[in-house]
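Have a look at the structure below before the remarks.
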Amino acid sequence: MNKAKIAKSAYRTAIYVILIASSAVLLIPFAWMVSSSLLSEEEMFQHPPVWIPKPPHWSNYKEAWEALPFTTFLINTLLLTIGRVLPQVFACSLVAFGFARLRARASSKLFFLCLATMMLPGQVTMIPTYIIFNKLGWVNTFKPLIVPSFFAGPFFVFMLRQFFLTIPLELDEAARIDGASSFQIYYKIFLPLAKPALGAVAIFSFMAAWNDFMGPLIYLHDIEKYPLALGLRLFQSYGEYATRWNLIMASSVAMVLPPLIVFFFTQKHFIKGITIGAFR
Amino acid sequence: MTGEKRLHRKQKREEREFYFFISPWLMGFLFLTLAPMLASIILSFARWNIITPPEWVGFDNYKELMHDQLFWKSLGVTSTFVLSSVVLKLAASLLVAMFLNQKVRAIGLFRTIFYLPTILPIVASSMLWMWIFFPNGLLNFFVTKLGLSPQNWLANEKLALPSLILMSFWGFGASMIIFLAGLQSIPQYLYEAAQIDGAGWWSKFWNVTFPMLSPVIFFNLVMGFIGSFKVFTPGYLITDGGPHYATLFYVLYLFRNAFEYFNLGYASALAWILFFIIMAFTLLIIKSSPLWVYYEAERR
């Protein structure tokens with residue numbers, strides 16, 4: 001073997017060592033979360049820390065679930081998530097079709113405005129929006145969280161428009177000659193063709209809705225209306241549970257699983273969606 | 001009817017359809033963005049606790065802000081957080097992305113692992129890190145292994161903010177993925193040409209990778225800046241702004257004013273200052289971009 005070859009394989013080995021070491025470090029917190037969730041009371045505070053609980057206390061999951069009304073939290077989270085994802089996908093696809101295919105004098109100006117609103121920090125509109133929803137009597141209901149999803153979010157509009165632009169114009173021209181209306185073209189041609197992109201929007205808004213903390217924190221006050229994101233932190237407010245880290249980790253694992261599973265099965269779309277914004 | 005007129009009518013119809021299709025965004029813009037923005041400007045010149053009638057106070061909120069120590073404290077805390085977390089994350093994510101771009105096997109697996117922390121709901125990851133930072137938690141175990149003395153990370157005024165920066169660093173995978181996609185779109189022939197010219201790895205990085213990747217660096221810089229300036233949840237959940245305001249993030253201070261003290265006018269003034277800070281820095285980055293960002297399309 002010559003020198004260059006040895007140098008090259010040493011270089012490649014170094015890269016693998018660095019990558020494997022850094023991903024191991026990154027995974028430690030995950031491993032710690034899972035193993036903590038299975039620890040017994042005594043094992044929890046042992047030094048050195050117990051990584052493999054003997055036996056694993058699966059009952060922690062049951063105990064955590066029953067310590068707080070987690071079934072209610074889960075139902076609330078599901079309702080909120082569905083209520084936010086479906087209208088968002090529908091509204092964004094309509095708007096994106098308008099921007100991608102229909103000609104109007106103000107079209108490019110309005111699209112620029114739409115992109116510009118992405119820069120606006122939500123904190124600027126948060127307080128007046130709260131006041132409006134408060135006057136409408138919507139505080140402590142799901143409405144302030146669901147109703148805004150019927151209005152299209154600029155990032156998703158942008159994503160879908162980029163996708164719609166890749167659909168050949170000949171398709172809608174042919175349909176127009178056959179007498180199809182714009183809505184029929186949107187509904188019968190664009191929506192079926194855009195399934196992957198619509199899926200990406202659905203995944204993103206699912207993650208956002210499932211993980212949202214500040215929205216429910218501002219608007220929901222009764223424990224019966226809490227989603228998981230608010231319910232999880234309740235452990236901190238009950239003295240007897242504040243340091244039951246095994247229970248807290250068990251319910252954290254439970255909350256993390258759905259987005260994690262969705263991510264694993266939809267990685268390709270997901271990563272495409274993330275990267276689309278960076279390459280305009 | 002002349003052909004021109006018919007065309008005109010068709011155009012008009014298409015324009016009406018356009019407004020029908022974009023109406024979900026347009027309505028949202030008018031009612032959930034523009035109107036609240038205007039209301040927020042007005043509110044920032046008033047004193048209001050939502051119960052008693054609002055009182056017009058002119059620039060008093062803004063004047064008060066200038067003398068509000070907590071406002072300055074929160075600006076300082078947030079700036080420290082933004083600066084360290086953006087720099088650390090950008091550097092790490094660029095480095096890892098470049099390693100991954102070396103025709104590595106199982107690149108998909110590595111990419112998934114690095115991206116994983118950003119998938120976690122912020123509440124769950126906050127709980128996890130609270131437990132890691134706990135006095136007899138995991139971090140202290142590693143620290144004592146290294147022969148250092150254990151710390152009470154979250155209760156120590158000097159360590160609380162760095163702890164939250166460490167936690168946010170865990171999520172550097174988000175920008176890493178974007179860097180990786182950017183690196184993969186750099187045409188290979190540029191490297192081959194550099195190779196023929198006898199360029200070493202530094203020269204290849206400085207003359208090929210950096211200019212070709214600069215739009216992506218720019219994007220990540222702007223997004224990272226905006227995102228971390230709005231940091232809220234870790235400060236709220238893990239440290240509650242403490243100890244002694246050491247983790248009082250700007251948005252946390254704004255939130256407290258709005259939804260805990262119900263100083264809605266004062267909180268609106270805070271929101272507008274936030275808006276101007278973000279705008280100013282974003283413009284600064286954009287204005288400086290011709291100096292260091294290379295857009296291929298413009299050169300053609």
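Letters A, B, ... mirror the listed sequences (proteins, then strands); counts begin at 1. Values reported hereafter were calculated over all heavy atoms of this structure, with side chains retained and with hydrogens, waters and symmetry mates removed.
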Task: Chi angles and distances behind the side-chain contact (heavy atoms from CB on, under 4.5 Å) call for B:Thr233, A:Met214 - done: CA-CA 8 Å; B:Thr233 316; A:Met214 209 182 192; 5.7 Å; no
Task: Euclidean distance, A:Gln236 CD relative to B:Met130 CE, rounded to 0.5 Å - done: 4.0 Å
Open item on the list: What's the separation between atom OG1 in A:Thr125 and atom CG in B:Leu38, rounded to the nearest 0.5 Å?
Closed with: 11.5 Å
- [ ] Give, as side chain, backbone, both or neither, the part of A:Val157 having an atom under 4.5 angstrom from any heavy atom of chain B.
- [x] neither
Open item on the list: Go through it in stages, so that I can follow the logic: the residues are B:Ile119 and A:Phe264, the test is side-chain contact (heavy atoms from CB on, under 4.5 Å), and I'd like the CA-CA distance, side-chain angles, deciding distance and then a yes or no.
Closed with: CA-CA 10 Å; B:Ile119 302 290; A:Phe264 273 116; over 6 Å; no
TODO: Pick one of side chain, backbone, both or neither for B:Phe262, based on which atoms fall under 4.5 Å of a heavy atom in chain A.
DONE: side chain
Task: Top contributor to chain B interface from A:Ser182, A:Ala106, A:Pro154 [non-hydrogen pairs under 4.5 Å] - done: A:Ser182
Task: Greatest number of heavy atom pairs closer than 4.5 Å to chain A - which of B:Ala39, B:Ala258, B:Pro117, B:Ala106 - done: B:Pro117
Task: More than 12 heavy atoms from other groups under 6.0 Å of CZ on B:Arg13 - done: no
TODO: Identify which part of A:Met207 has an atom lying under 4.5 Å from any heavy atom of chain B, answering side chain, backbone, both or neither.
DONE: side chain
- [ ] Give, for atom CD1 of A:Ile28 and atom CD1 of B:Ile132, the distance between the pair rounded to the nearest 0.5 Å.
- [x] 9.0 Å
Open item on the list: Using 0.5 Å steps for rounding, measure from the OG atom of A:Ser22 to the CZ atom of B:Phe114.
Closed with: 3.5 Å
Open item on the list: With a 6.0 Å cut-off (strictly less than), is the heavy-atom count around CE of B:Met279, excluding the residue itself, greater than 12?
Closed with: yes
TODO: Identify which of B:Tyr115, B:Phe275, B:Phe29 forms the greatest number of heavy-atom pairs closer than 4.5 Å to chain A.
DONE: B:Tyr115
- [ ] Would you mind reporting whether B:Leu116 and A:Phe263 have side-chain heavy atoms less than 4.5 Å apart?
- [x] yes
Open item on the list: When you compare the side chain of B:Ile22 with that of A:Leu102, does any pair of heavy atoms fall below 4.5 Å?
Closed with: no
- [ ] Check the pair B:Thr33, A:Leu120 against side-chain contact (heavy atoms from CB on, under 4.5 Å), reporting the backbone distance first and the verdict last.
- [x] CA-CA 9 Å; B:Thr33 306; A:Leu120 186 77; 3.7 Å; yes
Task: Taking every non-hydrogen atom, the tightest pair across A:Leu232 and B:Met127 - done: O-CE, 4.1 Å
Open item on the list: Below 30° counts as parallel, above 60° as perpendicular, anything between as tilted: where do the rings of B:Trp131 and A:Trp245 land?
Closed with: parallel
Task: Interchain contact, B:Ile226 with chain A, by part (heavy-atom threshold 4.5 Å) - done: side chain
Task: Leading residue by heavy atom contact count with chain B [cutoff under 4.5 Å; candidates A:Trp210, A:Trp51, A:Phe150] - done: A:Trp51
TODO: Let me know if A:Met33 has heavy atoms under 4.5 Å from chain B in its side chain, its backbone, both or neither.
DONE: both
TODO: Can you tell which part of A:Phe90 gets under 4.5 Å to a heavy atom of chain B, answering side chain, backbone, both or neither?
DONE: neither
TODO: Identify which part of B:Arg105 has an atom lying under 4.5 Å from any heavy atom of chain A, answering side chain, backbone, both or neither.
DONE: both
Open item on the list: So does B:Phe110 get a backbone contact from the side chain of A:Ser23, meaning a donor-acceptor N/O pair under 3.5 Å?
Closed with: no
Task: Contact origin within B:Phe218 toward chain A - heavy atom pairs under 4.5 Å - done: neither
Task: Within 6.0 angstrom of A:Phe45 CZ, more than 12 heavy atoms from elsewhere - done: yes
Open item on the list: If I measure from the heavy atoms of chain A, does B:Phe142 come under 4.5 Å with its side chain, its backbone, both, or neither?
Closed with: side chain
Open item on the list: With a 4.5 angstrom heavy-atom cut-off, is it the side chain or the backbone of A:Gln123 that approaches chain B, or both, or neither?
Closed with: both
Open item on the list: Measuring centre to centre across the rings, with the benzene-like ring taken for any Trp, is A:Phe30 within less than 6.0 Å of B:Trp170?
Closed with: yes
Open item on the list: Just so I understand: if I count every heavy-atom pair under 4.5 Å between each of A:Val262, A:Val253, A:Val95, A:Leu113 and chain B, which residue has the most?
Closed with: A:Val95
Task: chain A contact via B:Tyr236 - side chain, backbone, both or neither, heavy atoms under 4.5 Å - done: side chain
TODO: Could you look at A:Leu26 and say if it's the side chain, the backbone, both or neither that has a heavy atom under 4.5 Å from chain B?
DONE: both
Open item on the list: For a side-chain contact (heavy atoms from CB on, under 4.5 Å) check, start with the C-alpha distance between B:Leu274 and A:Val124, then their side-chain angles and the critical distance, and finish with the verdict.
Closed with: CA-CA 8 Å; B:Leu274 174 73; A:Val124 169; 5.8 Å; no
- [ ] Compare all side-chain heavy atoms of B:Trp25 with those of A:Leu110 and state whether any distance is below 4.5 angstrom.
- [x] yes
Task: Non-hydrogen side-chain atoms of A:Met255 and B:Leu120 separated by less than 4.5 Å - done: no
TODO: Name the member of A:Ile218, A:Val256, A:Leu27 that forms the most heavy-atom pairs with chain B at distances under 4.5 Å.
DONE: A:Ile218
Open item on the list: Between the side chains of B:Glu15 and A:Arg103, is the shortest nitrogen-to-carboxylate-oxygen separation below 4.0 Å, so that they form an ion pair?
Closed with: no
Task: Heavy-atom closest pair, residues B:Pro121 and A:Asn211 - done: CG-OD1, 3.2 Å
Task: Minimum side-chain heavy-atom gap B:Leu237-A:Phe213 below 4.5 Å - done: yes
Task: Closest contact, heavy atoms only, B:Leu32 versus A:Thr129 - done: CD2-CG2, 4.2 Å
Task: Contact origin within B:Leu264 toward chain A - heavy atom pairs under 4.5 Å - done: both
Task: Check: A:Leu217 and B:Phe255 side chains under 4.5 Å, non-hydrogen atoms - done: yes
Open item on the list: Report which part of A:Asp212 has an atom under 4.5 Å of a heavy atom belonging to chain B: side chain, backbone, both, or neither.
Closed with: neither
Task: Inter-residue atom distance B:Leu95.CG - A:Ile18.CD1, 0.5 Å rounding - done: 7.5 Å
Open item on the list: Using ring centroids (six-membered ring only for Trp), state whether B:Phe259 and A:Tyr130 fall under 6.0 Å.
Closed with: yes
Open item on the list: Is A:Ser107 close to chain B through its backbone or its side chain, or both, or neither, when contacts mean heavy atoms under 4.5 Å?
Closed with: both
Open item on the list: I'd like to check A:Met119 versus B:Ile278 (side-chain heavy atoms, cut-off strictly below 4.5 Å). Are they in contact?
Closed with: no
- [ ] Give the minimum heavy-atom separation between B:Lys230 and A:Gly122, together with the two atoms involved.
- [x] NZ-N, 4.4 Å
Task: Pair A:Phe99 + B:Phe21: ring centers closer than 6.0 Å - done: no
- [ ] Mind checking the CZ-CD spacing from A:Phe97 to B:Glu17? Nearest 0.5 Å is all I need.
- [x] 8.0 Å
Open item on the list: If I compare all heavy atoms of B:Ala267 with all of A:Ile127, which pair ends up nearest, and what's the gap?
Closed with: CB-CD1, 3.4 Å
Open item on the list: Checking side-chain polar atoms at under 3.5 Å, does B:Gln102 have a donor or acceptor matched by the opposite partner on A:Tyr11?
Closed with: yes
TODO: Name the region of A:Arg105, side chain, backbone, both or neither, that has any atom closer than 4.5 Å to a heavy atom of chain B.
DONE: both
Task: Winner by heavy-atom pair count (cut-off under 4.5 Å) against chain B, out of A:Ile131, A:Thr117, A:Val25 - done: A:Ile131
TODO: Mind listing the closest non-hydrogen atom pair of A:Gly98 and B:Phe18 along with its distance?
DONE: O-CD1, 3.4 Å
